[in-house]
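All remarks here apply to the structure that follows.
Keep in mind the model is a prediction, meaning the values are calculated, not measured. Convention: sequence-line order gives letters A, B, ...; per-chain numbering from 1.
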Amino acid sequence: MKLIKKKELFPTICISYTIISLSITLLEVIKHKEFSNDQFNLISMFVWTSIAVFALSQHYRFEKFSALTMILIQYLIAMFLVITTIYISGFFVPINPNGYKDVFRSFTIPYVIGASIYYISLYRFVKKANNSLKIIKEHSMKI
Amino acid sequence: MKINKYQSQEITQDRVDIYYKKMTIEIEGLLTYLNENQRKIIGLNNETKHVLNITEIYYFDTVDKKSFAYLKEDVYQVQYSLYDLENLCSSFGFVRINKSMIVNIYKVSCIKSSINMKLKIQLDNDEMLVISRHYKKVFENKLEQVKNELIGGTE
């Protein structure tokens with residue numbers, strides 16, 4: 001077996017846990033031919049996480065757009081896919097009356113936090129870069 | 001005149017430092033030799049060839065697989081690919097900022113971020129260029145490298 005390196009430890013735990021949890025859940029669903037609420041939530045979380053990761057992974061396609069446009073496009077794509085999965089799952093299990101609202105909230109808040117963090121990092125980058133440029137200008141004039 | 005030469009694996013760029021008490025013909029000659037032998041490239045403008053000093057170039061841009069060198073006011077076509085220019089001019093402070101452009105850090109006046117989170121470079125001649133997100137880190141690293149070299153070189 002290939003040796004698990006230090007930096008691969010956390011991703012390996014995540015992947016193993018996901019595979020084991022999903023496999024056991026799916027086997028139980030197949031065995032009993034019905035979803036419990038917990039099983040449904042677990043599978044839904046997996047689907048939504050996959051959608052979010054997929055949407056974020058497509059950032060290189062929006063390189064020509066500004067960061068704000070990219071964040072908005074990714075958010076809209078992800079939101080559309082999530083709402084669609086809830087709509088489809090509504091044919092198999094009953095959906096809580098606040099279901100759409102809850103999902104909208106739990107998807108929008110992380111996106112807004114993520115966008116804010118990006119904006120702050122951009123502001124810090126500009127400040128640091130301008131300080132470096134100032135030093136470069138001063139020193140290159142001396143030369 | 002005493003001459004010393006040092007080989008070091010720690011420096012990132014070859015350099016020549018000259019220490020003198022008084023400017024002499026000997027040192028002036030040495031400086032002229034070094035300045036004249038700086039890397040120069042040939043640029044084409046109105047079908048006339050011009051010798052361009054790399055340090056005077058603000059940035060390179062590629063349009064339809066043709067590369068252009070932008071100086072303060074003039075534009076010259078150069079016979080190099082962007083990849084070659086990147087390697088050739090890296091030691092003069094040039095760095096890639098997006099798919100088609102390489103900028104001279106010494107000609108950058110400041111960095112600005114717009115309301116839509118786009119990063120822009122303002123050059124000394126007031127031209128504005130866009131840094132793509134992909135090359136942001138590369139630009140940041142180059143800036144630090146040039147800064148550290150200059151601080152180390154003048155101290």
Side-chain angles (χ1 to χ4, degrees), chain A residues 7 10-11 51-80 107-143, chain B residues 13 15-18 31 34-35 38 55-56 92-101 103-124 129-155:
Chain A
K7 64 177 180 182
F10 185 66
I51 289 169
V53 171
F54 172 76
L56 290 173
S57 73
Q58 299 303 302
H59 69 93
Y60 66 93
R61 293 183 193 276
F62 308 111
E63 193 65 48
K64 62 182 172 185
F65 299 111
S66 71
L68 188 66
T69 315
M70 182 197 73
I71 289 168
L72 283 173
I73 292 173
Q74 285 183 326
Y75 170 76
L76 289 173
I77 292 171
M79 205 64 227
F80 170 77
F107 229 78
T108 305
I109 292 169
Y111 258 90
V112 172
I113 292 170
S116 310
I117 291 169
Y118 184 78
Y119 189 78
I120 292 165
S121 77
L122 207 65
Y123 174 77
R124 289 177 70 176
F125 166 80
V126 171
K127 202 177 165 190
K128 195 182 163 194
N130 281 328
N131 280 336
S132 298
L133 280 169
K134 201 178 159 193
I135 294 168
I136 290 169
K137 288 272 179 210
E138 283 169 6
H139 280 78
S140 56
M141 273 176 193
K142 280 182 197 171
I143 294 168
Chain B
Q13 190 184 353
R15 73 168 199 248
V16 177
D17 297 325
I18 298 174
L31 287 171
L34 288 169
N35 284 329
Q38 271 195 75
T55 54
E56 286 173 11
F92 293 92
F94 281 77
V95 63
R96 190 83 165 249
I97 53 162
N98 57 47
K99 259 185 190 172
S100 66
M101 286 177 174
V103 75
N104 183 352
I105 273 184
Y106 294 102
K107 300 292 183 192
V108 176
S109 158
C110 64
I111 314 286
K112 288 176 178 175
S113 70
S114 53
I115 191 88
N116 59 1
M117 299 186 193
K118 225 172 196 170
L119 276 175
K120 287 180 179 172
I121 285 178
Q122 187 175 342
L123 299 176
D124 288 340
L129 308 174
V130 174
I131 312 179
S132 79
R133 286 184 293 281
H134 184 75
Y135 289 100
K136 187 177 141 237
K137 193 73 195 165
V138 179
F139 180 81
E140 192 179 11
N141 290 343
K142 185 73 181 178
L143 215 54
E144 283 302 299
Q145 185 202 330
V146 172
K147 187 182 87 176
N148 292 336
E149 279 171 5
L150 280 172
I151 291 171
T154 52
E155 274 174 2

Between [atom1] on residue [X] and [atom2] on residue [Y], distance to nearest 0.5 Å:
X	Y	atom1	atom2	result
A:Lys128	B:Ile111	NZ	CD1	12.5 Å
A:Leu68	B:Lys118	CG	NZ	11.0 Å
B:Ser113	A:Phe125	OG	CZ	10.0 Å

> Taking B:Val130, B:Asn98, B:Leu143 one by one, which has the highest count of heavy-atom pairs under 4.5 Å against chain A?
Replying inline: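 Highest number of heavy-atom pairs under 4.5 Å: B:Leu143.
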>> Counting C-beta onward and ignoring hydrogens, is there a side-chain heavy-atom pair between A:Leu122 and B:Lys136 closer than 4.5 Å?
In response: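 A side-chain contact exists here, since the closest heavy-atom pair is under 4.5 Å.
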> Do A:Lys137 and B:Asp124 have side chains that get closer than 4.5 Å, going by heavy atoms?
Replying inline: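 In short, these two side chains touch, coming nearer than 4.5 Å.
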Measure [X] against the heavy atoms of chain A and call it side chain, backbone, both or neither at under 4.5 Å.
X	result
B:Lys142	neither
B:Ile105	both
B:Lys99	neither

For [X], is it the side chain, the backbone, both or neither that has a heavy atom under 4.5 Å from a heavy atom of chain B?
X	answer
A:Tyr123	neither
A:Ile136	both
A:Ile71	side chain

>> Is there a side-chain contact (heavy atoms from CB on, under 4.5 Å) between B:Leu150 and A:Ile135? Walk through the geometry before answering.
In response: CA-CA 9 Å; B:Leu150 280 172; A:Ile135 294 168; over 6 Å; no
